[in-house]
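One structure is given below, encoded as structure tokens.
All chains are named by letter (A, B, ...) in the order of the sequence lines, taking the proteins before the strands, and each is independently numbered beginning at 1. Computed from a predicted model, the values in this text were never measured in an experiment. Only heavy atoms go into these numbers, but all of them, side chains included; no hydrogens, no water, no symmetry mates.
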Amino acid sequence: MPGSAEAGGLDALLDRPVLEVAPALLGAVLRHETLDGVVAVRLTEVEAYDGPHDPGSHAYRGRTARNEVMFGPPGRLYVYFTYGMHFCCNVVVGGPGDPAAVLLRAGEVVEGHDLARSRRRGGERDLARGPARLCQALGIDLAHNGADLRSGPLTLTAGEGPRVVSTGPRVGLRRAADRPWRFWAADDPSVSVYRPAAPRPRRRPS
DNA sequence: TGGGCGATTGGCT
DNA sequence: GCCAATCGCCCAC
């Protein structure tokens, strides 16, 4: 099946254009081991952010303290804090100086259900349904920004992807909202709900 | 140096 | 469907 990758093939997987990497990450498993135990999530929804060419990317306006990790080597986790209360995480793609990344938007908990539930409110289906929920279920925060996903407490393992991959516009973006760079496993209940960006109120409706 | 706004979520109408 | 929570980032002044 096209796009499928074997476990351990992470480096080969990430060494491709981000628009190819993103759908290929569907089915991959992100696993986090802490003192509390282990939670692992099989990815069912991701979004591609194409560095300097993409007005929707954090890296569009160049290197800053926040997006530093995006400019580093691939295979690391880029974590950012948003809305004053949530964390979201990305897999860094592309070589140094090419700040592409794949936002991990949703997944299905495949290991550590009890621990994930203790970190989150809500039912099984909602445990990792949405980028901030996924981070919460896995216990990911800013302390994990820049973490190497090949070894250590956080690992990403390529896996078999879904039979059908759907594509559509990314969620919540005002800029470049038309680019269909969101990828998800068709008919998977753990995929998050699409919400277009809230339109900015007109300053002076004249 | 100030202020608008965000790759969101959950609670309430 | 609507909206508050909540604060760091970043651009404009």
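Atom P of nucleotide C:dC10 and atom CZ of A:Arg175 are separated by 13 Å, given to the nearest angstrom. Regarding A:Ile140, its CD1 atom lies at a distance of 16 Å from the C1' atom of B:dT8, rounded to whole Å. If you take OH of A:Tyr83 and P of C:dC3, they are 15 Å apart, rounded to a whole angstrom. For the pair A:Arg121 CZ and B:dT8 C1', the computed distance is 18 Å after rounding to whole Å. To the nearest angstrom, C1' of B:dT8 lies 11 Å from CG of A:Leu103. Between the P atom of C:dG1 and the OH atom of A:Tyr194 lies a distance of 14 Å, rounded to the nearest Å. Here B:dT9 presents its P atom at 9 Å from CD of A:Gln136, a figure rounded to the nearest Å. Protein atom CG of A:Asp126 is 16 Å distant from nucleotide atom P of B:dT8, rounded to whole Å.
Applying the 5.5 angstrom centroid cut-off and the 30 degree plane-angle cut-off, the aromatic ring of A:Phe81 is not stacked upon the base of C:dG8.
With distances taken from any side-chain atom of A:Val171 to the nucleotides B:dA7, B:dT8, C:dT6, the minimum falls on B:dT8. When the nucleotides B:dA7, C:dT6, C:dC10 are ranked by their closest atom to the side chain of A:Met70, B:dA7 comes out on top.
Using P as the reference atom, C:dC3 and B:dC5 are 16 Å apart when rounded to the nearest Å. Here, C:dT6 and B:dG2 have their P atoms 23 Å apart, quoted to the whole Å.
Residue A:Arg182 is classed as having no contact, given no heavy-atom separation below 4.0 Å to the nucleic acid. Contact annotation for A:Arg66: backbone-only contact, meaning every heavy-atom pair under 4.0 Å involves sugar-phosphate atoms and none involves a base. As judged by a 4.0 angstrom heavy-atom cut-off over every strand, A:Gly56 is placed among the base-contacting residues. Among the heavy atoms of the strands lying under 4.0 Å from A:Arg195 is at least one base atom, whether or not backbone atoms are also near.
No donor-acceptor pair under 3.5 Å is formed between the side chain of A:Glu111 and the backbone N or O of A:Arg31. Between the side chain of A:Arg76 and the backbone N or O of A:Asp148, no donor-acceptor pair lies under 3.5 Å. The main-chain N or O of A:Val92 is never found under 3.5 Å from a side-chain atom of A:Asn90 such that the two would form a donor-acceptor pair. In this structure a side-chain-to-backbone donor-acceptor pair under 3.5 Å is missing from A:Arg105 to A:Pro131. Looking only at distances, no side-chain donor or acceptor of A:Asn145 sits under 3.5 Å from a matching main-chain atom of A:Tyr80.
Base pairing analysis places B:dT9 opposite C:dA4; the two distances defining the Watson-Crick or G-U wobble pair are each below 3.5 Å.
For the OP1/OP2 pair of B:dG10 and a distance below 4.0 Å, the side-chain nitrogens and oxygens of A:Arg120 include at least one atom meeting the criterion.
Both A:Cys89 and A:Arg133 sit near DNA chain B, but only A:Cys89 has its closest nucleotide nearer the 5' end.
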